[in-house]
Colleague: 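Sending over a structure as structure tokens; questions will come in a sec.
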Amino acid sequence: QVQLVESGGGLVQAGGSLRLSCAASGSIFSIYSMGWYRQAPGKQRESVAAITSGDGTNYADSVKGRFTISRNNAKNTVYLQMNSLKPEDTAVYYCHGDLPYGRVWGQGTQVTVSS
């Protein structure tokens, strides 16, 4: 089945940048859209960004203008470029892929932004 593996998380100072990657493997030809959620301590998981198979995108208001989602279909990978990071961006970031039978999740990668 499809598996998603995130990478690129870490510790960064406020105002810095990180680039997250999510690589898909398995039977991936039916993935229609992919995206990123995050879950901060004490908060519910929230949608950050998504991208369709036609490269349409949407973003949470809190990250609009700072984050960019993109995908490389040849590499079966979705990216999240995060610029101008703020302490409130600190969270575990999860990628997902949407298939006809449901949504598949990665295990998550920690992003910590220090003030």
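These figures come from a predicted structure and were not determined experimentally.
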Colleague: Go through the steps for K64 and D61 under the test salt bridge (Lys or Arg N to Asp or Glu O under 4.0 Å), then give the verdict.
Modeller: CA-CA 5 Å; K64 195 170 297 181; D61 288 341; 3.3 Å; yes
Colleague: Could you give the side-chain donor-acceptor pairs of residues 10-20 under 3.5 Å, partners two or more places apart or in another chain?
Modeller:
from: S17; atom 1: OG; to: N83; atom 2: OD1; distance (Å): 2.9
from: R19; atom 1: NH1; to: Q81; atom 2: OE1; distance (Å): 3.2

Colleague: Can you tell me how far apart CG (D89) and OG1 (T112) are? Round to the nearest 0.5 Å.
Modeller: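 Going from the CG atom of D89 to the OG1 atom of T112 covers 11.0 Å.
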Colleague: Side-chain donor-acceptor pair under 3.5 Å between T77 and N72, yes or no?
Modeller: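 Their side chains do not contain a donor-acceptor pair, so the 3.5 Å distance test is not met.
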Colleague: Can you tell me how far OG of S25 sits from CG of L4, rounded to the nearest 0.5 angstrom?
Modeller: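 So the CG of L4 and the OG of S25 are separated by 7.5 Å.
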Colleague: Could you check whether any side-chain heavy atom of V78 comes within less than 4.5 Å of a side-chain heavy atom of W36, counting everything from C-beta outward?
Modeller: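 They are in side-chain contact.
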Colleague: Taking all non-hydrogen atoms of both residues, which atom of R38 and which atom of S62 are closest, and how far apart?
Modeller: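 Heavy-atom minimum between the residues: NH2-OG, 3.4 Å.
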Colleague: Do K86 and V113 have side chains that approach each other closer than 4.5 Å (heavy atoms only, starting at C-beta)?
Modeller: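 No, too far: nothing below the 4.5 Å cut-off.
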Colleague: Applying a strict under-4.5 Å side-chain criterion to I, L, V, M, F, W and Y, I'd like to know whether I51 and Y59 cluster together.
Modeller: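 Both belong to a single hydrophobic cluster.
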Colleague: Using modelled atom types and a 3.5 Å cut-off, is there a donor and acceptor pairing between side-chain atoms of Q107 and backbone atoms of E6?
Modeller: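 Checked: no pair found.
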Colleague: So, for S115 and P87, which heavy atoms are closest and what is the spacing to 0.1 Å?
Modeller: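 It is CB-CG, 3.9 Å.
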Colleague: When you look at Q1 and L99, which way does the side-chain contact (heavy atoms from CB on, under 4.5 Å) test go after all the steps?
Modeller: CA-CA 11 Å; Q1 61 178 17; L99 290 86; over 6 Å; no
Colleague: Is a side-chain donor or acceptor of R71 paired with a backbone partner of T52 at a separation under 3.5 angstrom?
Modeller: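 Side chain of R71 to backbone of T52, a donor-acceptor pair under 3.5 Å: yes, one is there.
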Colleague: Quick check on E46: does its CD atom have over 12 non-hydrogen neighbours (other residues, nucleotides or ligands) under 6.0 Å away?
Modeller: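 It does: E46 CD has more than 12 such atoms within range.
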Colleague: Take M82 and Y93, measure what side-chain contact (heavy atoms from CB on, under 4.5 Å) needs, and give me the verdict at the end.
Modeller: CA-CA 12 Å; M82 305 185 295; Y93 284 71; 3.9 Å; yes
Colleague: I need the C22 SG to H96 NE2 distance, nearest 0.5 Å.
Modeller: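 C22 atom SG to H96 atom NE2 measures 9.5 Å (nearest 0.5 Å).
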Colleague: Please examine the side chains of F67 and V48, heavy atoms only from C-beta on, and report whether any two atoms are closer than 4.5 Å.
Modeller: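 Touching, per the 4.5 Å side-chain cut-off.
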Colleague: Does any N or O in the side chain of R66 come within less than 3.5 Å of the main-chain N or O of S84, such that one atom is a donor and the other an acceptor?
Modeller: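 Flag set: sc R66 to bb S84 pair under 3.5 Å.
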Colleague: Look up atom CG in N58 and atom OG in S47, then write down how far apart they are to the nearest 0.5 Å.
Modeller: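 Spacing of CG (N58) from OG (S47) equals 6.0 Å.
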Colleague: Measure the shortest side-chain to side-chain distance between P100 and Y32 over non-hydrogen atoms and say whether it is less than 4.5 angstrom.
Modeller: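 SC-SC contact between P100 and Y32 confirmed.
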Colleague: Other than Y94, what residues sit in its cluster of Ile, Leu, Val, Met, Phe, Trp and Tyr side chains whose heavy atoms are under 4.5 Å apart, directly or through others?
Modeller: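 Grouped by the 4.5 Å side-chain rule, Y37, V92, W105 form the rest of the cluster around Y94.
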